[in-house]
Amino acid sequence: MLRHLMNVLDFSVEELENLLSLAEEIYDRPGEFSDACHRKKLATCFYEPSTRTRLSFDSAMLNLGGQVLGFSSADSSSAAKGESVADTIRVISSYADICAMRHPKEGAPYVASLHSRIPVINAGDGGHNHPTQTLTDLMTIRKLKGGFSGLTIGLCGDLKFGRTVHSLVEAMVRYPDVHFIMISPDELRIPDYLRRDILDRNLIDYKEVGILEDVMPKLDLLYMTRVQRERFFNEEDYIRLKDSFILDSKKMKLARGDMLVLHPLPRVNEIATEVDDDPRAVYFKQAEFGVYVRMALILTLLKEMDR
């Protein structure tokens with residue numbers, strides 16, 4: 001059965017648990033999976049630049065004993081000649097067994113999935129979705145916190161435009177007794193649809209605040225994102241607010257001893273480098289987990305296709 005991943009909600013909670021369990025199994029015993037994708041090929045079709053996502057997909061397939069082919073920008077593909085995504089995936093379906101696609105246009109991987117004969121993974125489409133980052137976040141939380149229920153999660157920075165934040169909220173509301181504290185300037189608060197259709201509709205406990213220090217002692221997890229200068233209408237507002245959302249050692253002293261700091265990366269200046277040495281800072285470990293969860297995803301989709 002041909003199956004794709006466009007959104008983390010494409011998987012039921014039970015399917016997510018199975019995938020995360022497989023990712024942890026691979027993490028614990030990687031040698032047992034070193035030949036699982038022998039003679040299989042992954043096509044990485046990246047129409048915009050990427051570091052972690054593309055390299056982690058490459059690493060995942062190579063770790064499984066498979067091969068990787070593809071391109072790293074639209075300029076190095078036939079898109080530069082005007083070829084459509086639909087035509088590209090039709091051709092790639094003859095070359096590879098599975099495809100990971102990143103595209104600046106929202107919905108482009110979905111269009112590809114409609115014309116593909118192999119599984120397509122959305123590796124990020126504009127500001128819309130980034131499901132494998134959410135899977136990475138979920139694995140990090142489950143592996144280091146033991147589960148999802150009962151957690152108080154702080155989401156800090158650009159909550160209006162941050163696709164990783166939106167996807168994580170949508171995934172986490174399916175678990176019981178989850179609480180959110182949204183920390184952002186007024187200009188970058190969560191969008192109305194997320195508040196109305198996801199949080200309010202599911203009766204999720206949440207509150208919105210403007211000062212990070214005030215809520216640090218209450219958090220089990222702090223998910224940091226960048227406050228982006230380009231989102232403000234004037235420079236004065238940005239300068240007034242930007243330092244309130246930079247995590248440093250002083251703010252970390254206010255947090256619980258077992259609170260974890262996550263970040264989808266890349267980091268700019270929203271987390272001071274001095275925090276990197278704090279054992280509660282797990283964002284580089286989080287990036288490492290991304291390889292294992294993508295290995296589990298590749299195996300899961302290929303297994304579905306063989307049914």
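Small disclaimer: the values here were computed from a predicted structure and weren't measured.
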Salt bridge or not for Asp278 and Lys253, using N-O below 4.0 Å? no

Using the rule that Ile, Leu, Val, Met, Phe, Trp and Tyr join whenever any side-chain heavy atoms are under 4.5 Å apart, tell me whether Leu19 and Val13 fall into a single cluster. yes

A side-chain contact here means heavy atoms from C-beta on lying under 4.5 Å apart; do Leu9 and Glu170 qualify? yes

Say whether, by atom type as modelled, one donor and one acceptor occur between the side chain of Asp125 and the main chain of Glu106 under 3.5 angstrom. no

Pairing residues for Asp277 by the side chain to side chain donor-acceptor pair (under 3.5 Å) criterion, not counting sequence neighbours: none

Please tell me if the side chains of Ile98 and Ile121 come closer than 4.5 Å, counting only heavy atoms from C-beta onward. yes

Can you see which heavy atom on Ala123 is nearest to which on His130, and at what distance? O-CE1, 3.6 Å

Restricting to salt bridge (charged side-chain N to carboxylate O under 4.0 Å, His left out), what partner residues turn up for Lys218, sequence neighbours left out? none

Quick check: do Lys105 and Val111 have side-chain heavy atoms less than 4.5 Å from each other? no

Just by modelled atom types, is the Ala112 backbone N or O under 3.5 Å from a matching donor or acceptor in the Ser116 side chain? no

With Val169, the side chain to side chain contact (heavy atoms under 4.5 Å, CB included) member among Val178, Leu194, Asn202: Leu194

Report the C-alpha separation of Leu221 and Leu151 in whole Å, then their side-chain angles, then the decisive distance to 0.1 Å, and conclude whether the side chain to side chain contact (heavy atoms under 4.5 Å, CB included) test is met. CA-CA 8 Å; Leu221 296 166; Leu151 294 177; 3.9 Å; yes

Between Arg294 (side chain) and Ala60 (backbone), is there a donor-acceptor pair under 3.5 Å? no

Verdict with reasoning, Glu17 to Arg142, per salt bridge (Lys or Arg N to Asp or Glu O under 4.0 Å): CA-CA 10 Å; Glu17 291 297 310; Arg142 195 174 98 148; 2.7 Å; yes

Applying side chain to side chain donor-acceptor pair (under 3.5 Å), can you list everything that pairs with Arg3, at least two apart in sequence or on another chain? Glu15

Give a yes or no on this: more than 12 heavy atoms of other residues, nucleotides or ligands lie within 6.0 Å of atom CD of Glu32. yes

Quick one: list whatever passes side-chain contact (heavy atoms from CB on, under 4.5 Å) with Glu208, sequence neighbours left out. Met182, Arg189, Ile190, Arg195, Tyr206

With no hydrogens and no angle check, just 3.5 Å: does a side-chain donor-acceptor pair link Arg174 and Ser12? no

Considering only residues two or more places apart or on different chains, which pairs with a residue in residues 263-301 satisfy ring-ring contact (aromatic ring centres under 6.0 Å, His included)? Tyr27-Phe289, Tyr27-Tyr292

May I ask you to test the Leu297-Met295 pair for a side-chain heavy-atom distance under 4.5 Å? no

Which atom pair, heavy atoms only, marks the closest approach of Glu213 to Lys251? OE2-CE, 3.3 Å

With no hydrogens and no angle check, is any side-chain donor or acceptor of His4 less than 3.5 Å from a backbone partner on Val120? yes

Kindly indicate whether the side chain of Gln286, heavy atoms from C-beta on, has any atom under 4.5 Å from the side chain of Asp137. yes

Does the side chain of Arg280 reach to within under 4.5 Å of the side chain of Val275, using non-hydrogen atoms? no

Without swapping roles, check the side chain of Asp220 against the backbone of Thr152 for a donor-acceptor pair under 3.5 Å. yes

Please check if the side chain of His103 supplies one atom and the backbone of Val85 the other of a donor-acceptor pair under 3.5 Å. no

I'd like to know if Asp35 pairs up with Lys40 as an ion pair, taking the criterion as any Lys NZ or Arg NE/NH1/NH2 lying under 4.0 Å from an Asp or Glu carboxylate oxygen. no

Keeping to residues at least two apart or across chains, list the ring-ring contact (aromatic ring centres under 6.0 Å, His included) pairs with something in residues 170-199. Phe148-Tyr175

Verdict with reasoning, Asp186 to Lys160, per salt bridge (Lys or Arg N to Asp or Glu O under 4.0 Å): CA-CA 10 Å; Asp186 289 342; Lys160 183 175 183 179; over 6 Å; no

Does Thr134 reach the side chain of Thr164, with side-chain heavy atoms less than 4.5 Å apart? no

Nearest atoms (heavy-atom pairs only) where Lys41 meets Ala96: O-CB, 3.7 Å

Residues two or more places apart in sequence or in another chain: which of them pass side-chain contact (heavy atoms from CB on, under 4.5 Å) with Ala23? Met139, Val293, Ala296

Quick one: does Thr53's side chain have a donor or acceptor within less than 3.5 Å of a partner on Ser50's backbone? no

Could you check whether Glu274 and Ser249, counting side-chain N and O atoms only, form a donor-acceptor pair closer than 3.5 Å? yes

Using the salt bridge (charged side-chain N to carboxylate O under 4.0 Å, His left out) criterion, which residues pair with Asp200? Sequence neighbours excluded. none

Do any N or O atoms from the side chain of Asn7 and from the backbone of Asp10 form a donor-acceptor pair under 3.5 angstrom? no

Is any side-chain heavy atom of Met6 less than 4.5 Å from a side-chain heavy atom of Pro131? no

Is a side-chain N or O of Asp158 found less than 3.5 angstrom from the main chain of Phe161, in a donor-acceptor match? yes

Going by side-chain contact (heavy atoms from CB on, under 4.5 Å), name the residues that satisfy it together with Asp58, two or more places apart in sequence or in a different chain. Thr44, Arg54, Leu55, Val68

Under 3.5 Å, side chain of Ser34 to main-chain N/O of Gly31, donor-acceptor pair present? yes

What closest approach, in Å, do Asp97 and Leu302 show between heavy atoms, and which atom pair accounts for it? O-CD2, 3.7 Å

For a quick test of reading the model, state the closest non-hydrogen atom pair linking Asp258 to Lys145 and the distance between them. O-NZ, 2.7 Å

Results of side-chain contact (heavy atoms from CB on, under 4.5 Å) for Ser59 - residues two or more places apart only: Asn63, Val291

Would you sort out whether Ile271 and Ile246 count as a side chain to side chain contact (heavy atoms under 4.5 Å, CB included), showing the intermediate values? CA-CA 6 Å; Ile271 301 178; Ile246 293 178; over 6 Å; no

Listed by chain and number, what are the side chain to side chain donor-acceptor pair (under 3.5 Å) partners of Arg201, not counting sequence neighbours? none

Ignoring hydrogens, what is the shortest heavy-atom contact between Val8 and Leu135? Give both atom names and the distance. CG2-CD2, 3.7 Å

Residues that Tyr110 engages under side chain to side chain donor-acceptor pair (under 3.5 Å), provided they are two or more places apart: none

